[in-house]
Amino acid sequence: MADLKALADAVIKGDQGTAVEITKAALEEGTAAKSVLEDGLIAGMGVVGERFKKNEVYIPEVLIAARAMKMAMEILEPELAKAGVKPVGRFLIGTVQGDLHDIGKNLVAMMLKGAGFEVVDLGVDISPEEFVEQAKATGIGLIGMSALLTTTMPAMERTVKALKDAGVSSKIVIGGAPVTQGYADKIGAHGYAADAASAVDMAKGLVA
Ligand code: B1M
């Protein structure tokens, strides 16, 4: 019987080799892909997210854990697809126009994937028009924007307006060092998250 607790521990420790090995062994012996995902990988990333929120671990540990999860996911994804396992939700994310910072945005994307979301990452310097185009093309109900510069924050407001003008009814979450809850309220975003773990909580709340 595959030890999914050991798989969760491997993710927490960022031990790629062990995470991949247990994932392969679990699938070979017939453990359901959904169980490997939920009781192993997501359980492990959930612990990392909680520790990150409490400042018990920091960005490097989160990145290492996310990488271990990613390696295991590469093995698991075809099996999940075969079994018809649906993601918890879908999330479209990008850094706004004029802004090239992506470390925080990538962390948010990784933590969302760790929580079972399918993430479409548009990258950096994304114009309001591109957000609208991609939101319409993918039909994704949750859109996240990141900005690290006070000078690029207004692009968030323009993007929220463009999405609403285009009739996109997706929920919009914003974040990034200079962004605040007050700013989210002002521009009509549905939510603000101060860090990657809070972004996951917010996304879960919005799809619930
Ligand atoms: Co830039 N930079 N930078 N920079 N840079 C800052 C942001 C700055 C505060 C530095 C400073 O002056 N002290 C300053 C902004 C000042 C301001 O506007 N108030 C600044 C500046 C001025 C600039 C340039 C203009 C510098 C220049 O060229 N003169 C230039 C702008 C380029 C551009 O974007 N057009 C620039 C360039 C760069 C680099 C390319 C060199 C590099 C970016 C590399 C990259 O991202 N690939 C860089 C870096 C690394 C930084 C600092 C040092 C670190 C940012 C970072 O990655 N933090 C930063 C100073 C600092 O913060 N100490 C600085 C770690 C990251 C994990 O945190 O992104 O806040 P953060 O993400 C957090 C939360 O905010 C939240 O979750 C994350 C994890 O908990 N979060 C979200 C983020 N996005 C979210 C989205 C959500 C929810 C939560 O929902 C969707």
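We count ligands from 1, going down the list as the structure has it; atoms in each ligand are counted the same way. This one's a predicted model, so the numbers in the text were calculated from it and none came from an experiment.
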*Check the surroundings of atom NZ in K5: do more than 12 heavy atoms from other residues, nucleotides or ligands lie under 6.0 Å from it?*
no
_For K53, is the NZ atom crowded, meaning more than 12 foreign heavy atoms sit under 6.0 Å from it?_
yes
*Taking salt bridge (charged side-chain N to carboxylate O under 4.0 Å, His left out) as the test, write out the residues that go with K24, two or more places apart.*
none
*asked:* Run the side chain to side chain donor-acceptor pair (under 3.5 Å) test against T152 and tell me which residues pass, sequence neighbours left out.
replied: D99
*Less than 4.5 Å apart, any side-chain heavy atom of V173 and any of H190?*
no
*Shell of residues surrounding ligand 1, defined by a 4.0 angstrom heavy-atom cut-off that is strict*: F52, I59, G98, D99, L100, H101, D102, I103, G104, L107, V108, G144, M145, S146, L148, L149, T150, V173, I174, G175, G176, A177, A193, A194, D195, A196, A199
_Any residue meeting side chain to side chain contact (heavy atoms under 4.5 Å, CB included) with V57, in chain and number order, not counting sequence neighbours_ = R51, F52, E61, V62
